[in-house]
Protein chains: 2
Amino acid sequence: MTKQRLEVLSFLANADQPKSAKEIAKILSKKGVDQATVYRILARFKEGCIINQIDFQEDQSYFELKDRGDHHHIICQECKKVEDFKGCNYDNLVNSISKNKTGFAKITGHSFELFGICKSCLK
Amino acid sequence: MTKQRLEVLSFLANADQPKSAKEIAKILSKKGVDQATVYRILARFKEGCIINQIDFQEDQSYFELKDRGDHHHIICQECKKVEDFKGCNYDNLVNSISKNKTGFAKITGHSFELFGICKSCLK
DNA sequence: TTTCTTGCAAATTTTTTGCAACTTA
DNA sequence: TAAGTTGCAAAAAATTTGCAAGAAA
């Protein structure tokens with residue numbers, strides 16, 4: 001565990017929403033962490049299942065700490081505001097789907113995001 | 001409707017799984033379609049809701065025709081094989097979530113993909 | 001000390017842009 | 001013809017790599 005890794009962890013721990021690699025690199029460069037290092041750390045953390053990659057259909061990936069628990073996101077397509085939501089029991093759904101899939105041995109993960117327009121942007 | 005757009009539509013219509021921009025550009029370049037044109041067409045089609053963008057947590061986006069109906073994907077994390085699945089009624093879920101979200105005026109779309117290991121890769 | 005990680009710089013890869021020429025409706 | 005699209009080449013953005021120096025266990 002290095003200083004640079006702790007910086008990435010700390011940044012993500014304090015984030016209230018998923019952060020892009022670019023943004024993490026930009027912020028941490030102020031603390032002397034190189035962008036190549038940030039990309040390498042994110043790749044390792046993802047392999048090690050410490051962080052989740054979140055896709056907002058934007059050609060850019062976002063990351064958040066896995067230990068924030070099972071939840072998903074609603075993102076505003078205008079202003080990109082992100083809200084979390086929980087309490088959906090679709091794990092049952094995943095289970096029933098996984099029982100019916102003959103081609104797959106197991107399901108290890110899933111993504112589930114909603115896209116919409118937030119009230120401020122609706123005007 | 002131009003020749004180039006028809007090429008993109010035709011390519012996606014014949015695809016059995018979502019295709020990346022890079023792959024579309026690569027294949028269509030053999031027919032003289034420029035990569036810049038492919039990216040522009042994909043952007044327009046996405047705006048116009050003719051295609052869907054699918055994210056496989058890979059730093060690369062995939063696209064498929066919207067008219068293939070409501071379905072989602074299971075992707076094998078080893079060999080990247082993709083299988084479709086349908087018949088999950090989680091639109092109810094989306095509706096109930098959307099009723100409870102005070103910050104959002106409406107939900108316009110969603111993503112839902114499963115990740116797993118296919119039987120061939122399990123060995 | 002031994003292994004793994006970092007910074008730096010450069011290279012790749014992916015996506016976007018400007019603009020003149022060309023199509024489409 | 002008028003509006004919008006394309007190809008080309010170049011630029012910009014995003015990510016990855018090689019390698020010597022440095023930090024961690």
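Naming convention: chains lettered A, B, ... in sequence-line order (proteins, then strands); numbering from 1 in each chain.
For A:Ile41, the side-chain atoms get nearest to C:dT6 when compared with the rest of D:dT15, D:dT5, C:dT6. Side-chain atoms of A:Ala36 lie closest to C:dA9 of the nucleotides D:dT15, C:dA9, D:dG7. Picking from D:dT6, D:dA24, C:dA25 the nucleotide with the shortest atom distance to the side chain of A:Thr2 gives D:dA24.
Placement of A:Leu28 and A:Ile50 within a single hydrophobic cluster is found when ILVMFWY residues are connected by side-chain heavy-atom separations under 4.5 Å, directly or transitively.
Rounded to whole Å, atom P of C:dT13 lies 17 Å from atom CD of B:Glu58. If you take CZ of B:Arg5 and P of D:dG4, they are 11 Å apart, rounded to a whole angstrom. Distance, A:Asp34 CG to C:dA11 C1': 15 Å, rounded to whole Å. D:dT15 atom P lies 11 Å from atom OH of A:Tyr62, rounded to whole Å. Taking atom OH on A:Tyr39 and atom P on C:dT6, their separation rounds to 16 Å, with Å as the unit. Straight-line distance from the CD atom of B:Gln35 to the P atom of C:dT16: 11 Å, rounded to whole Å. Distance NZ (A:Lys26) to C1' (D:dA14): 15 Å, rounded to an integer number of Å. Residue A:Arg44 contributes atom CZ, which lies 16 Å from atom P of C:dT3 at whole-angstrom precision.
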For this session: Test side-chain hydrogen bond (donor to acceptor under 3.5 Å, both in side chains) on B:Gln77 and A:Thr108 and set out the steps.
Result: CA-CA 9 Å; B:Gln77 293 177 309; A:Thr108 55; 2.9 Å; yes
Exercise. Are A:Cys79 and A:Ser120 close enough, and set up right, to give a side-chain contact (heavy atoms from CB on, under 4.5 Å), and what steps lead you there?
Worked result: CA-CA 9 Å; A:Cys79 69; A:Ser120 334; over 6 Å; no
For this session: Could you go through the side-chain contact (heavy atoms from CB on, under 4.5 Å) check for A:Glu7 and A:Ile41 one step at a time?
Result: CA-CA 10 Å; A:Glu7 291 285 4; A:Ile41 289 173; over 6 Å; no
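In A:Lys26, the NZ atom is not crowded: 12 or fewer heavy atoms of neighbouring residues, nucleotides or ligands sit closer than 6.0 Å.
Closest-nucleotide positions on DNA chain C for B:Ala43 and B:Met1 were compared, and the one nearer the 5' end corresponds to B:Ala43. When the nearest nucleotides of DNA chain D are assigned to B:Val33 and A:Gln60 by heavy-atom distance, the more 5′-ward of the two goes with B:Val33.
Taking the six-membered ring where tryptophan is involved, the planes of B:His110 and B:His72 are tilted, since the angle between them lies from 30° to 60°.
Residue-level contact check: A:Arg40 touches the bases, meaning some heavy atom is under 4.0 Å from a base atom.
Look at B:Gln4 and you'll find a side-chain N or O under 4.0 angstrom from OP1 or OP2 of D:dG7.
Sorted by residue number, the list of members of residues 10-24 of chain B with any non-hydrogen atom under 4.0 Å from DNA chain D is empty.
One distance of note links NE2 of B:His73 with CZ of B:Phe56; it measures 5.5 Å at 0.5 Å rounding.
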